[in-house]
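Naming convention: chains lettered A, B, ... in sequence-line order (proteins, then strands); numbering from 1 in each chain.
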Amino acid sequence: MTKFNDHSSLSDSSVSAVFDGEANEQDIDTLLSKSDEEIHRHLEVYHLIQNTLKKESSTLGFLQSGLVDRVRSQIEKEDLTDNVVTLPLAEKTSDKVSWKLMFSSMAVAASVAFVVILSGNVLLSPDTTNENLTDSFELLEESADGSAIAEVVAQEESLPEDNMRLKHYLRQHAEQSALAVGQGMIPMARVVSYPVEE
Amino acid sequence: MQQETSSDQALVERVQQGDKRAFDLLVVKYQYKVIGLISRYIHDQSESMDVAQESFIKAYRAINNFRGESAFYTWLYRIAVNTAKNHLVSRSRRPPESDVELDNEEVFSAHDALADIETPEASLNRDRLESAIHTAIKNLPEELRSALTLREFDGLSYEDISIVMDCPVGTVRSRIFRAREAIEKHISPMTNTGD
(Lines give C-alpha, C1' and ligand atoms only; values in the text may rest on other atoms or scores of the structure.)
Protein backbone atom coordinates (compact mmCIF):
# COMPACT_ATOMS: atom_id res chain seq x y z
CA MET A 1 0.00 0.00 0.00
CA THR A 2 1.24 3.46 -0.83
CA LYS A 3 2.31 5.39 2.23
CA PHE A 4 0.98 8.88 2.52
CA ASN A 5 3.27 11.47 4.07
CA ASP A 6 0.35 13.74 4.77
CA HIS A 7 -1.71 12.26 7.60
CA SER A 8 -4.66 14.38 6.61
CA SER A 9 -4.59 12.91 3.12
CA LEU A 10 -4.46 9.40 4.56
CA SER A 11 -7.48 9.92 6.73
CA ASP A 12 -9.49 11.64 3.99
CA SER A 13 -8.66 9.00 1.41
CA SER A 14 -9.62 6.42 4.02
CA VAL A 15 -13.19 7.68 3.81
CA SER A 16 -13.08 7.27 0.05
CA ALA A 17 -11.64 3.77 0.47
CA VAL A 18 -14.36 2.77 2.93
CA PHE A 19 -16.98 4.01 0.53
CA ASP A 20 -15.51 1.81 -2.19
CA GLY A 21 -15.10 -1.17 0.09
CA GLU A 22 -11.34 -0.97 -0.37
CA ALA A 23 -10.51 -0.04 3.21
CA ASN A 24 -8.00 -1.97 5.27
CA GLU A 25 -7.65 -2.16 9.05
CA GLN A 26 -5.44 0.91 9.10
CA ASP A 27 -8.08 2.92 7.26
CA ILE A 28 -10.77 1.83 9.71
CA ASP A 29 -8.56 2.70 12.67
CA THR A 30 -7.90 6.10 11.14
CA LEU A 31 -11.55 6.77 10.43
CA LEU A 32 -12.78 5.79 13.85
CA SER A 33 -10.43 8.34 15.33
CA LYS A 34 -11.99 11.17 13.31
CA SER A 35 -15.16 13.07 14.06
CA ASP A 36 -18.36 11.47 12.89
CA GLU A 37 -19.73 14.62 11.36
CA GLU A 38 -16.85 15.02 8.95
CA ILE A 39 -16.91 11.39 7.90
CA HIS A 40 -20.63 11.34 7.36
CA ARG A 41 -20.55 14.52 5.33
CA HIS A 42 -17.96 13.07 2.98
CA LEU A 43 -19.82 9.78 2.61
CA GLU A 44 -23.11 11.46 1.84
CA VAL A 45 -21.53 13.59 -0.87
CA TYR A 46 -19.87 10.49 -2.32
CA HIS A 47 -23.31 8.88 -2.46
CA LEU A 48 -24.63 11.91 -4.27
CA ILE A 49 -21.79 11.81 -6.81
CA GLN A 50 -22.28 8.09 -7.37
CA ASN A 51 -26.01 8.36 -7.83
CA THR A 52 -25.59 11.23 -10.25
CA LEU A 53 -23.06 9.34 -12.36
CA LYS A 54 -25.31 6.31 -12.41
CA LYS A 55 -28.23 8.55 -13.30
CA GLU A 56 -29.96 7.57 -10.08
CA SER A 57 -30.49 10.94 -8.59
CA SER A 58 -31.22 11.27 -4.92
CA THR A 59 -33.51 13.87 -3.55
CA LEU A 60 -31.96 16.55 -1.47
CA GLY A 61 -34.29 15.42 1.26
CA PHE A 62 -32.23 12.30 1.69
CA LEU A 63 -28.95 14.14 1.59
CA GLN A 64 -28.08 14.75 5.21
CA SER A 65 -31.01 12.52 6.07
CA GLY A 66 -29.90 12.30 9.65
CA LEU A 67 -30.60 8.58 9.66
CA VAL A 68 -27.26 7.85 11.32
CA ASP A 69 -28.04 10.20 14.17
CA ARG A 70 -31.49 8.70 14.58
CA VAL A 71 -30.13 5.15 14.68
CA ARG A 72 -27.36 6.05 17.08
CA SER A 73 -29.64 7.94 19.46
CA GLN A 74 -32.12 5.05 19.51
CA ILE A 75 -29.36 2.58 20.25
CA GLU A 76 -28.10 4.70 23.10
CA LYS A 77 -31.62 5.34 24.36
CA GLU A 78 -32.49 1.69 24.50
CA ASP A 79 -29.05 0.94 25.89
CA LEU A 80 -28.78 -1.89 23.42
CA THR A 81 -25.16 -2.45 24.25
CA ASP A 82 -26.33 -4.36 27.31
CA ASN A 83 -28.08 -6.78 25.01
CA VAL A 84 -25.23 -6.99 22.54
CA VAL A 85 -22.89 -9.58 23.89
CA THR A 86 -19.38 -8.79 22.84
CA LEU A 87 -17.51 -11.80 21.57
CA PRO A 88 -13.86 -10.91 21.21
CA LEU A 89 -12.99 -14.59 21.02
CA ALA A 90 -15.52 -17.37 20.69
CA GLU A 91 -13.24 -19.73 22.58
CA LYS A 92 -13.29 -17.56 25.69
CA THR A 93 -17.04 -17.64 25.93
CA SER A 94 -17.24 -21.37 25.49
CA ASP A 95 -14.52 -21.82 28.13
CA LYS A 96 -16.49 -19.73 30.60
CA VAL A 97 -19.62 -21.72 29.94
CA SER A 98 -17.88 -25.06 30.31
CA TRP A 99 -16.21 -24.00 33.58
CA LYS A 100 -19.52 -22.88 35.00
CA LEU A 101 -21.12 -26.11 33.96
CA MET A 102 -18.35 -28.14 35.52
CA PHE A 103 -18.45 -26.31 38.82
CA SER A 104 -22.21 -26.50 39.03
CA SER A 105 -22.11 -30.20 38.28
CA MET A 106 -19.52 -30.75 40.99
CA ALA A 107 -21.63 -28.82 43.47
CA VAL A 108 -24.67 -30.96 42.68
CA ALA A 109 -22.72 -34.18 42.94
CA ALA A 110 -21.13 -33.15 46.22
CA SER A 111 -24.43 -32.17 47.78
CA VAL A 112 -26.11 -35.37 46.69
CA ALA A 113 -23.26 -37.48 47.97
CA PHE A 114 -23.27 -35.65 51.28
CA VAL A 115 -26.96 -36.16 51.73
CA VAL A 116 -26.71 -39.80 50.80
CA ILE A 117 -24.01 -40.38 53.33
CA LEU A 118 -25.87 -38.47 55.99
CA SER A 119 -29.09 -40.28 55.37
CA GLY A 120 -27.24 -43.56 55.40
CA ASN A 121 -25.76 -42.73 58.80
CA VAL A 122 -29.13 -41.85 60.18
CA LEU A 123 -31.28 -44.54 58.63
CA LEU A 124 -28.95 -47.43 59.13
CA SER A 125 -28.13 -46.52 62.70
CA PRO A 126 -29.75 -48.73 65.34
CA ASP A 127 -30.95 -45.58 67.12
CA THR A 128 -32.93 -44.35 64.16
CA THR A 129 -36.16 -42.72 65.26
CA ASN A 130 -38.98 -41.06 63.44
CA GLU A 131 -37.62 -37.71 64.50
CA ASN A 132 -34.26 -38.47 62.95
CA LEU A 133 -35.95 -39.64 59.83
CA THR A 134 -37.83 -36.37 59.59
CA ASP A 135 -34.55 -34.47 59.83
CA SER A 136 -33.17 -36.68 57.14
CA PHE A 137 -36.13 -35.96 54.92
CA GLU A 138 -35.53 -32.26 55.32
CA LEU A 139 -31.91 -32.63 54.39
CA LEU A 140 -32.77 -34.70 51.38
CA GLU A 141 -35.31 -32.21 50.18
CA GLU A 142 -32.65 -29.56 50.24
CA SER A 143 -30.36 -31.56 48.03
CA ALA A 144 -30.33 -31.08 44.30
CA ASP A 145 -31.71 -34.52 43.66
CA GLY A 146 -33.41 -34.95 47.01
CA SER A 147 -36.88 -35.51 45.69
CA ALA A 148 -36.20 -38.98 44.36
CA ILE A 149 -34.18 -40.06 47.36
CA ALA A 150 -36.72 -38.67 49.82
CA GLU A 151 -39.46 -40.62 48.16
CA VAL A 152 -37.55 -43.85 48.44
CA VAL A 153 -36.58 -43.20 52.02
CA ALA A 154 -40.17 -42.41 52.93
CA GLN A 155 -41.19 -45.73 51.56
CA GLU A 156 -38.45 -47.43 53.54
CA GLU A 157 -39.73 -45.92 56.79
CA SER A 158 -42.58 -48.37 56.84
CA LEU A 159 -40.20 -51.28 56.27
CA PRO A 160 -37.50 -51.16 58.90
CA GLU A 161 -36.47 -54.70 58.08
CA ASP A 162 -35.49 -53.55 54.58
CA ASN A 163 -32.48 -51.59 55.66
CA MET A 164 -30.37 -53.73 53.39
CA ARG A 165 -32.50 -52.76 50.41
CA LEU A 166 -32.10 -49.12 51.32
CA LYS A 167 -28.39 -49.52 51.68
CA HIS A 168 -28.25 -51.11 48.28
CA TYR A 169 -30.28 -48.30 46.74
CA LEU A 170 -28.22 -45.59 48.35
CA ARG A 171 -25.05 -47.20 47.17
CA GLN A 172 -26.36 -47.37 43.62
CA HIS A 173 -27.44 -43.75 43.70
CA ALA A 174 -24.10 -42.58 45.02
CA GLU A 175 -22.35 -44.58 42.31
CA GLN A 176 -24.42 -43.05 39.57
CA SER A 177 -24.03 -39.55 40.90
CA ALA A 178 -20.28 -39.90 41.09
CA LEU A 179 -19.95 -41.41 37.65
CA ALA A 180 -22.37 -38.98 35.96
CA VAL A 181 -20.16 -35.97 36.59
CA GLY A 182 -16.88 -37.81 36.82
CA GLN A 183 -16.18 -36.61 40.30
CA GLY A 184 -14.31 -39.64 41.49
CA MET A 185 -15.02 -42.49 43.75
CA ILE A 186 -14.86 -40.86 47.15
CA PRO A 187 -18.63 -40.57 47.82
CA MET A 188 -19.20 -44.10 46.60
CA ALA A 189 -16.31 -45.41 48.63
CA ARG A 190 -17.75 -43.95 51.79
CA VAL A 191 -21.12 -45.55 51.25
CA VAL A 192 -19.64 -48.84 50.22
CA SER A 193 -17.50 -48.95 53.29
CA TYR A 194 -20.33 -48.11 55.67
CA PRO A 195 -20.84 -50.98 58.03
CA VAL A 196 -24.27 -52.47 58.23
CA GLU A 197 -25.47 -54.90 60.73
CA GLU A 198 -27.13 -57.66 58.84
CA MET B 1 -16.94 -7.34 -4.59
CA GLN B 2 -14.79 -9.65 -2.54
CA GLN B 3 -12.75 -6.71 -1.33
CA GLU B 4 -15.91 -4.87 -0.35
CA THR B 5 -17.11 -7.92 1.58
CA SER B 6 -13.90 -8.12 3.55
CA SER B 7 -14.05 -4.40 4.22
CA ASP B 8 -17.58 -4.70 5.57
CA GLN B 9 -16.64 -7.81 7.53
CA ALA B 10 -13.87 -5.86 9.25
CA LEU B 11 -16.40 -3.24 10.29
CA VAL B 12 -18.87 -5.89 11.46
CA GLU B 13 -16.20 -7.47 13.62
CA ARG B 14 -15.53 -4.08 15.18
CA VAL B 15 -19.24 -3.74 15.97
CA GLN B 16 -19.31 -7.21 17.48
CA GLN B 17 -16.46 -6.11 19.72
CA GLY B 18 -18.58 -3.22 20.94
CA ASP B 19 -17.53 -0.38 18.64
CA LYS B 20 -20.73 1.50 17.90
CA ARG B 21 -18.98 3.98 15.65
CA ALA B 22 -18.11 1.18 13.27
CA PHE B 23 -21.83 0.54 12.96
CA ASP B 24 -22.35 4.22 12.20
CA LEU B 25 -20.04 3.80 9.21
CA LEU B 26 -22.09 0.87 7.96
CA VAL B 27 -25.27 2.89 8.34
CA VAL B 28 -23.88 5.82 6.39
CA LYS B 29 -22.54 3.51 3.72
CA TYR B 30 -25.77 1.64 3.11
CA GLN B 31 -28.45 4.08 4.18
CA TYR B 32 -29.36 5.15 0.66
CA LYS B 33 -29.54 1.61 -0.62
CA VAL B 34 -31.77 0.65 2.30
CA ILE B 35 -33.95 3.72 1.96
CA GLY B 36 -34.24 3.14 -1.76
CA LEU B 37 -35.18 -0.47 -1.21
CA ILE B 38 -37.77 0.31 1.45
CA SER B 39 -39.26 3.11 -0.63
CA ARG B 40 -40.29 0.50 -3.17
CA TYR B 41 -42.63 -0.87 -0.52
CA ILE B 42 -43.48 2.30 1.36
CA HIS B 43 -43.92 5.46 -0.65
CA ASP B 44 -44.26 7.88 2.21
CA GLN B 45 -40.90 9.54 2.88
CA SER B 46 -41.37 9.83 6.61
CA GLU B 47 -42.48 6.23 6.95
CA SER B 48 -39.59 5.05 4.77
CA MET B 49 -37.16 6.76 7.09
CA ASP B 50 -38.81 5.22 10.15
CA VAL B 51 -38.69 1.74 8.65
CA ALA B 52 -35.09 2.25 7.55
CA GLN B 53 -34.22 3.25 11.09
CA GLU B 54 -35.99 0.20 12.45
CA SER B 55 -34.15 -2.03 9.99
CA PHE B 56 -30.76 -0.78 11.09
CA ILE B 57 -31.71 -1.16 14.74
CA LYS B 58 -32.75 -4.75 14.09
CA ALA B 59 -29.46 -5.35 12.33
CA TYR B 60 -27.56 -3.93 15.28
CA ARG B 61 -29.44 -6.11 17.76
CA ALA B 62 -28.72 -9.19 15.69
CA ILE B 63 -25.18 -8.28 14.70
CA ASN B 64 -23.69 -11.12 16.72
CA ASN B 65 -25.76 -13.57 14.70
CA PHE B 66 -24.02 -12.48 11.52
CA ARG B 67 -21.27 -14.97 10.77
CA GLY B 68 -20.04 -13.61 7.45
CA GLU B 69 -21.38 -16.51 5.44
CA SER B 70 -22.99 -14.00 3.12
CA ALA B 71 -22.20 -10.41 2.32
CA PHE B 72 -23.24 -7.97 5.01
CA TYR B 73 -25.51 -6.09 2.64
CA THR B 74 -27.25 -9.30 1.60
CA TRP B 75 -28.05 -9.94 5.24
CA LEU B 76 -29.11 -6.33 5.77
CA TYR B 77 -31.21 -6.45 2.64
CA ARG B 78 -33.32 -9.31 3.99
CA ILE B 79 -33.81 -7.51 7.28
CA ALA B 80 -34.94 -4.36 5.48
CA VAL B 81 -37.37 -6.24 3.24
CA ASN B 82 -38.92 -8.12 6.15
CA THR B 83 -39.20 -4.97 8.19
CA ALA B 84 -40.92 -3.14 5.35
CA LYS B 85 -43.35 -5.99 4.81
CA ASN B 86 -44.15 -6.22 8.50
CA HIS B 87 -44.74 -2.51 8.55
CA LEU B 88 -47.22 -2.80 5.72
CA VAL B 89 -49.00 -5.66 7.42
CA SER B 90 -49.22 -3.73 10.66
CA ARG B 91 -50.79 -0.88 8.72
CA SER B 92 -53.17 -3.36 7.16
CA ARG B 93 -51.68 -2.74 3.76
CA ARG B 94 -50.87 -5.63 1.50
CA PRO B 95 -47.19 -5.94 0.66
CA PRO B 96 -46.26 -6.58 -2.97
CA GLU B 97 -46.53 -10.19 -4.03
CA SER B 98 -42.96 -10.34 -5.21
CA ASP B 99 -39.94 -8.92 -3.48
CA VAL B 100 -37.54 -6.50 -5.03
CA GLU B 101 -34.77 -8.77 -6.24
CA LEU B 102 -31.39 -8.05 -4.77
CA ASP B 103 -29.78 -7.78 -8.19
CA ASN B 104 -32.29 -5.22 -9.36
CA GLU B 105 -32.75 -3.23 -6.23
CA GLU B 106 -30.07 -0.77 -7.18
CA VAL B 107 -32.19 0.24 -10.14
CA PHE B 108 -34.84 1.52 -7.82
CA SER B 109 -33.75 4.72 -6.21
CA ALA B 110 -35.33 6.73 -3.50
CA HIS B 111 -35.94 9.46 -6.02
CA ASP B 112 -37.85 7.23 -8.39
CA ALA B 113 -40.19 6.11 -5.69
CA LEU B 114 -40.81 9.54 -4.28
CA ALA B 115 -40.95 11.54 -7.48
CA ASP B 116 -44.69 11.78 -7.23
CA ILE B 117 -44.49 13.79 -4.04
CA GLU B 118 -41.37 15.82 -4.87
CA THR B 119 -42.00 19.53 -4.84
CA PRO B 120 -41.05 21.64 -7.87
CA GLU B 121 -38.45 23.42 -5.79
CA ALA B 122 -36.85 20.17 -4.69
CA SER B 123 -36.88 18.94 -8.26
CA LEU B 124 -35.19 22.11 -9.43
CA ASN B 125 -32.56 21.90 -6.73
CA ARG B 126 -31.88 18.33 -7.65
CA ASP B 127 -31.43 19.18 -11.31
CA ARG B 128 -29.05 22.00 -10.44
CA LEU B 129 -27.02 19.74 -8.21
CA GLU B 130 -26.73 17.07 -10.86
CA SER B 131 -25.72 19.63 -13.42
CA ALA B 132 -23.04 20.98 -11.10
CA ILE B 133 -21.67 17.49 -10.56
CA HIS B 134 -21.47 16.79 -14.27
CA THR B 135 -19.70 20.10 -14.81
CA ALA B 136 -17.20 19.34 -12.06
CA ILE B 137 -16.47 15.92 -13.55
CA LYS B 138 -15.95 17.44 -16.97
CA ASN B 139 -13.39 19.84 -15.53
CA LEU B 140 -11.36 17.11 -13.81
CA PRO B 141 -7.89 16.22 -15.08
CA GLU B 142 -7.99 13.23 -17.41
CA GLU B 143 -6.39 10.74 -15.03
CA LEU B 144 -8.72 11.67 -12.17
CA ARG B 145 -11.81 11.49 -14.34
CA SER B 146 -10.79 8.13 -15.78
CA ALA B 147 -10.15 6.61 -12.36
CA LEU B 148 -13.47 7.86 -10.99
CA THR B 149 -15.57 6.73 -13.94
CA LEU B 150 -13.91 3.32 -14.03
CA ARG B 151 -14.88 2.96 -10.42
CA GLU B 152 -18.40 4.40 -10.54
CA PHE B 153 -19.53 3.33 -14.01
CA ASP B 154 -17.77 0.04 -14.41
CA GLY B 155 -17.52 -0.94 -10.76
CA LEU B 156 -13.92 -2.02 -11.09
CA SER B 157 -11.85 -2.67 -8.01
CA TYR B 158 -8.81 -0.55 -7.28
CA GLU B 159 -6.62 -3.41 -8.39
CA ASP B 160 -8.42 -3.76 -11.71
CA ILE B 161 -8.25 -0.03 -12.29
CA SER B 162 -4.51 -0.09 -11.58
CA ILE B 163 -4.13 -2.68 -14.34
CA VAL B 164 -6.22 -0.67 -16.78
CA MET B 165 -4.42 2.58 -16.04
CA ASP B 166 -1.03 0.92 -15.59
CA CYS B 167 -0.31 2.52 -12.26
CA PRO B 168 0.02 1.38 -8.64
CA VAL B 169 -3.06 0.66 -6.55
CA GLY B 170 -2.15 3.48 -4.19
CA THR B 171 -2.16 5.89 -7.10
CA VAL B 172 -5.63 4.70 -8.09
CA ARG B 173 -6.83 5.24 -4.55
CA SER B 174 -5.36 8.73 -4.47
CA ARG B 175 -6.81 9.72 -7.85
CA ILE B 176 -10.32 8.58 -6.96
CA PHE B 177 -10.16 10.42 -3.67
CA ARG B 178 -8.86 13.61 -5.31
CA ALA B 179 -11.58 13.46 -7.95
CA ARG B 180 -14.26 13.22 -5.28
CA GLU B 181 -12.64 15.95 -3.28
CA ALA B 182 -12.66 18.29 -6.28
CA ILE B 183 -16.32 17.60 -7.02
CA GLU B 184 -17.25 18.00 -3.38
CA LYS B 185 -15.55 21.39 -3.28
CA HIS B 186 -17.39 22.45 -6.45
CA ILE B 187 -20.86 21.58 -5.15
CA SER B 188 -20.33 22.54 -1.52
CA PRO B 189 -22.24 25.84 -1.83
CA MET B 190 -25.27 23.91 -2.98
CA THR B 191 -25.15 21.19 -0.35
CA ASN B 192 -24.52 23.28 2.73
CA THR B 193 -27.88 23.58 4.45
CA GLY B 194 -28.56 25.92 7.29
CA ASP B 195 -28.85 24.42 10.77
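Contact annotation: the side chain of B:Arg21 never approaches that of A:Leu31 to less than 4.5 Å [non-hydrogen atoms, C-beta and beyond]. At a threshold of 4.5 Å between non-hydrogen side-chain atoms, the residues B:Tyr32 and A:Gln50 do not count as touching. Counting heavy atoms from C-beta on, the side chains of A:Glu22 and B:Arg151 come closer than 4.5 Å. Counting heavy atoms from C-beta outward, B:Tyr60 and A:Val71 have side chains that stay 4.5 Å or more apart. Residues A:Val68 and B:Leu25 are not in side-chain contact: their nearest non-hydrogen atoms beyond the backbone lie 4.5 Å or more apart. Within the 4.5 Å cutoff, the side chain of A:Phe19 has no heavy atoms near those of the B:Val28 side chain.
In this structure, CD1 on B:Ile183 lies 6.5 Å from CG on A:Leu53, to the nearest 0.5 angstrom. With rounding to the nearest 0.5 Å, the separation of OG in B:Ser48 from CG in A:Leu67 is 11.0 Å. A distance of 13.5 Å separates CZ of A:Arg72 from CZ of B:Phe56, quoted to the nearest 0.5 Å.
Counting heavy-atom neighbours within 6.0 Å of B:Asp154 CG, excluding the residue itself, gives a total above 12.
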Chi angles and distances behind the side chain to side chain contact (heavy atoms under 4.5 Å, CB included) call for B:Arg14, A:Asp29: CA-CA 10 Å; B:Arg14 299 287 183 113; A:Asp29 286 336; 2.7 Å; yes
Does the pair A:Val15 and B:Phe177 meet the rule for a side chain to side chain contact (heavy atoms under 4.5 Å, CB included), with working shown? CA-CA 9 Å; A:Val15 180; B:Phe177 162 65; over 6 Å; no
Show, in sequence, the C-alpha distance, side-chain angles and deciding distance for B:Glu130 and A:Asn51, and conclude whether the side chain to side chain contact (heavy atoms under 4.5 Å, CB included) test is met. CA-CA 9 Å; B:Glu130 290 174 6; A:Asn51 291 338; over 6 Å; no
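The closest donor-acceptor contact from the side chain of A:Glu25 to the backbone of B:Ala10 lies at 3.5 Å or more, if one exists at all.
Of the listed residues A:Ile28, A:Asp69, A:Leu43, the one with more heavy-atom pairs under 4.5 angstrom with chain B than any other is A:Ile28. Most heavy-atom pairs under 4.5 Å with chain A: of the set B:Glu13, B:Glu159, B:Glu184, B:Arg178, this distinction falls to B:Glu184.
Partners of B:Lys58 according to the salt bridge (charged side-chain N to carboxylate O under 4.0 Å, His left out) rule, which considers only residues two or more places apart in sequence or in another chain, are B:Glu54. Residues passing the salt bridge (charged side-chain N to carboxylate O under 4.0 Å, His left out) test with B:Arg180, sequence neighbours excluded: A:Asp20, B:Glu152.
In this structure, chain A has a heavy atom under 4.5 Å from the side chain of B:Ile137, while its backbone stays farther away. Proximity to chain B (any heavy atom under 4.5 Å) is restricted, for A:Ile39, to the side chain, taken from C-beta onward. Contact of B:Asn65 with chain A is not made at all, since no heavy-atom distance falls under 4.5 Å. Proximity to chain A is limited to the side chain of B:Asp19, based on heavy atoms less than 4.5 angstrom apart.
Under the 4.5 Å side-chain heavy-atom criterion for ILVMFWY residues, no single connected hydrophobic cluster contains both B:Ile163 and B:Leu144.
Checked against A:Ser13 for a side-chain hydrogen bond (donor to acceptor under 3.5 Å, both in side chains), the options B:Glu181, B:Arg173, B:Arg175 give a single hit: B:Arg173.
Of all heavy-atom pairs spanning B:Ser7 and A:Gly21, the tightest one is CB-O, 3.3 Å. The minimum heavy-atom distance linking A:Ser16 with B:Ile176 is given by the pair OG-CG2, 3.9 Å.
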